[in-house]
Amino acid sequence: MSKMNRSDHSRSLRRLRLAVALEGATLITLVLIASPLKRFADLPVATQIMGPVHGLAFLIFLYVLVEAVTARTIDRRAGLRLFIGALVPFGGVINERWLARRTPGKGATA
């Protein structure tokens, strides 16, 4: 943790964890709810709404991820792991649990 006190490090990890959870939740919603509604119920409005919502969540996640790697809250390898996990459904859940174990004083909530 160079140039970053413990409080800033914890805050940065919490922000990253929140961004991971948001991105993961919107991806799961898009894949498991909106896409089936579009295909099977002929409701394209579901993906017209959730697509941009997920896109925004993904951009926020990328911003917070780059910020965390740049600030050395996490190393590049962990950043790459989080990025790859964000590309697959339920990867966000796995990433969030992984980050929860690394957040001081904030254990995973089951």
Residue pairs involving residues 37-49 (criterion side-chain hydrogen bond (donor to acceptor under 3.5 Å, both in side chains); sequence neighbours excluded): none
Pairwise side-chain hydrogen bond (donor to acceptor under 3.5 Å, both in side chains) hits with a residue in residues 85-94, at least two apart: none
Is it true that, when you exclude Phe58 itself, more than 12 heavy atoms of the residues, nucleotides or ligands shown sit nearer than 6.0 Å to its CZ?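 Result for CZ/Phe58: enclosed.
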Side chain to side chain contact (heavy atoms under 4.5 Å, CB included) partners of [X], counting only residues at least two apart:
X	value
Ile94	Arg81
Val88	none
Leu56	Ile60
Leu13	His9, Thr73, Ile74, Leu99, Thr103, Pro104

Listing request: all salt bridge (charged side-chain N to carboxylate O under 4.0 Å, His left out) pairs with a residue in residues 50-67, at least two apart in sequence or in separate chains. Arg15-Glu67
What pairs of donor and acceptor atoms, side-chain ones from residues 18-32 against any protein atom, are under 3.5 angstrom apart with sequence neighbours left out?
| unit_1 | atom_1 | unit_2 | atom_2 | d |
| --- | --- | --- | --- | --- |
| Thr26 | OG1 | Leu22 | O | 3.2 |
| Thr26 | OG1 | Glu23 | O | 3.0 |
| Thr26 | OG1 | His54 | ND1 | 2.9 |
| Thr29 | OG1 | Ala25 | O | 2.8 |

Is there a path from [X] to [Y] through hydrophobic residues (I, L, V, M, F, W, Y) whose side chains come within less than 4.5 Å of each other?
X	Y	answer
Leu65	Leu87	yes
Ile33	Phe40	no
Leu37	Met50	no
Leu62	Leu16	yes
Val64	Val66	no

So, taking the atom named CG in Asn95 and the one named CZ in Phe61, what distance separates them when rounded to the nearest 0.5 Å? 6.5 Å
Residues at least two apart in sequence or cross-chain that pass side chain to side chain donor-acceptor pair (under 3.5 Å) with Ser7, listed by chain then number, are Arg11
Mind checking side chain to side chain donor-acceptor pair (under 3.5 Å) for Arg102 and listing every partner two or more places apart, or none if nothing turns up? none
